[in-house]
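This report concerns only the one structure given below.
When a ligand or atom number is given, it counts from 1 through the structure's own listing order. All values derive from a computational prediction rather than experimental measurement.
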Amino acid sequence: MDDRPAPRVGLVSLGCPKALVDSERIMTQLRAEGYELSKTYRGADVVIVNTCGFLDSAKAESLQAIGEAMAENGKVVVTGCMGAQPEQIRDAFPNVFSITGPAKYEAVVEAVHRAAPPVHDPFVDLVPPQGLKLTPRHYAYLKISEGCNNRCTFCIIPQLRGDLVSRPAGDVLREAEKLVKAGVKELLVISQDTSAYGIDMRFQESLWGDRQVRTKFLDLCRELGSLGVWTRLHYVYPYPHVDEVIPLMAEGKILPYLDIPLQHASPNVLKAMRRPAHQEKTLERIRRWREICPDITIRSTFIAGFPGETDADHEFMLDWLDEAQLDRVGCFPFEPVSGAPANELGPVVPDDVKKARHRRFMERQEKISARKMKNKVGKRFQVLIDHADGALGRGRTKGDAPEIDGSVNVRSRLPLRVGEIVTVKIERADAHDLWGVAA
Ligand code: SF4
């Protein structure tokens, strides 16, 4: 048997939850082969930098991370979205060890093998059956597909990641089951377009346990709902078939939560953005969802100052916001992404106008959010504890996704534990967060 010490791998993971899932998969594989993790660049035999190439600011952050890893270590394997455009990386750092695009797990692992060959020990299996996770133990991202069939004009994800490729339902459910067995209390379903799940596979059935499950949005939600943990849906578009999953929310099978990145409300801008489901009557759809499931939390994101957006379009969006009364909303001033068709659109909205529109939007939503949060005072909610320090803790209700939504600050008579679900009576609220006592 090879008696060299196990090679050590450093990892920097940038970008969105989807990139984090890629990092988890790579690390799971490497740990399975006997690699150790290194917390420092200098202690590592090789460093993997999983980059984000979505916005120019994310690219700058990725280049900075590569630069640090090169200076401190020198043997650097670059992967992730920015790896799909290797020239920029090679121009800045000609000596990086290898560059691969997103979701190229095998190529990354193969590059690590070349940079720091594995030590073979057939008797040691370092990987717990659920794989290694970079997120806290009590919640996990579940990636159900790769790529996207839409062609939004501000986005280069399809260029980077290709068209939609769904994972068979059986594979997704087996992974979910393992995570639940390992103690995960909340599954966060992610993809580029969750409502499109299975379209590429013509909803083909696959085996899970002793039965066949269709690779279809509704069927997957129903089966995930049977696992007995919180299941939260991200990146859903307002297509009519989404209505079918709302009863599962009303029945408590999956969380009454929908993350729908609408990006705008004005038909002119949505058309210029080429957004999926832009012709749907979204307000009507939201009304219908609330009829079926009154507790539903709807989160969305918007862009202010998209090329061609007029004052009238912006006003339309503000009025729409008043009408829709969404629960959680983010807004970003438009930022051009190199290679995106939107860069050819015009007229460009000047920076000061963009900023002013962004500010007005946030002010308008802040009032809606504050009112909605205030309505929660005096009520009781189940809260999943994310951080605990004795009898004080911080967690989230079913209406709050980790990292993007607000949190509940909890006081308790008994010590709190991370990952437990407690009932909390809300005493105070601001526009984002809640405070309460474990009841
Ligand atoms: S839905 Fe649009 S924004 Fe989202 S990944 Fe696909 S093309 Fe990009």
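The closest protein non-hydrogen atom to atom 4 (Fe) of ligand 1 is Tyr237 OH, 3.6 Å.
Geometric assessment of Lys354 against the ring of Phe332 yields a negative cation-pi assignment under the 6.0 Å and 45° thresholds.
Protein contacts to atom 8 (Fe) of ligand 1 involving N, O or S atoms at a distance below 2.8 Å are Cys155 SG.
Under a 4.0 angstrom heavy-atom cut-off, Arg275 registers as being in contact with ligand 1.
Contacts classified as salt bridge (Lys or Arg N to Asp or Glu O under 4.0 Å) and involving residues 248-270 (residues at least two apart or in different chains) are given here: Glu251-Lys253.
From Tyr239, atom OH reaches atom CD1 of Ile260 across 12.5 Å, with rounding to the nearest 0.5 Å.
Salt bridge annotation for Arg299-Asp327: absent, with no cationic side-chain nitrogen under 4.0 angstrom from a carboxylate oxygen. Using a 4.0 Å cut-off between charged side-chain N and carboxylate O, Asp400 and Arg232 make no salt bridge.
Judged purely by distance below 3.5 Å, without hydrogens or angles, the side chains of Arg275 and Tyr237 pair a donor atom with an acceptor atom.
Using cut-offs of 30° and 60° for the angle between ring planes, the Phe334 and Phe306 rings count as perpendicular.
No part of Tyr235 comes within 4.0 Å of ligand 1, judged by heavy-atom distances.
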